[in-house]
Amino acid sequence: MFETMLGRGERLARRRAQVRRRRLGFALRREVPPGILVEEVEDGLALVGRQLGERYARDPQLRWLLSELVR
């Protein structure tokens with residue numbers, strides 16, 4: 001019985017995380033600068049783009065956006 005409850009809880013948690021990841025990904029895609037893609041991965045979201053590290057260092061808007069998401 002306890003295993004059944006744990007399994008159900010894990011499924012609900014995974015589903016909730018998936019919904020949250022999709023909502024956050026949708027909102028983030030509208031805000032990131034051109035040339036940066038937002039991809040869903042198993043553990044969350046990943047930003048993909050050429051010279052992303054350099055862009056992060058030079059673009060205060062990108063730094064602000066990502067710092068707000070971490071909170």
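One is the number of the first residue; the rest follow in order along the sequence.
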Contacts table for residues 39-46: side-chain donor-acceptor under 3.5 angstrom, sequence neighbours left out:
none

Output a table of donor-acceptor pairs, distance under 3.5 Å, between side-chain atoms of residues 49-58 and any protein atom two or more places apart or on a different chain; print 'none' if there are none.
residue : atom : partner : partner atom : Å
Arg55   : NH1  : Pro34   : O            : 3.3
Arg55   : NH2  : Pro34   : O            : 2.9

**Prompt:** Given Leu47 and Val32, is the side chain to side chain contact (heavy atoms under 4.5 Å, CB included) satisfied, shown in steps?
**Reply:** CA-CA 9 Å; Leu47 297 180; Val32 294; 4.3 Å; yes

**Message:** Can you confirm whether Met5 sits close enough to Arg8 that some side-chain heavy atom of one is under 4.5 Å from a side-chain heavy atom of the other?
**Reply:** no

**Item:** Derivation of the side chain to side chain contact (heavy atoms under 4.5 Å, CB included) call for Leu62 and Ile36
**Value:** CA-CA 10 Å; Leu62 183 58; Ile36 297 177; 3.8 Å; yes

**Request:** Tell me whether Leu66 is reachable from Leu24 by hopping between hydrophobic residues (I, L, V, M, F, W, Y) whose side-chain heavy atoms are closer than 4.5 Å.
**Result:** yes

**Message:** Can you give me the closest heavy-atom contact between Pro33 and Asp59, atom names plus distance?
**Reply:** CG-OD2, 3.8 Å

**Prompt:** Which pairs, with at least one residue in residues 18-31 and sequence neighbours excluded, count as a side chain to side chain donor-acceptor pair (under 3.5 Å)?
**Reply:** Arg15-Gln18

**Prompt:** Do Leu28 and Leu65 touch side chain to side chain, with heavy atoms closer than 4.5 Å?
**Reply:** yes

**Request:** Working to the nearest 0.5 Å, report the span between CG of Leu6 and CD of Glu10.
**Result:** 6.0 Å

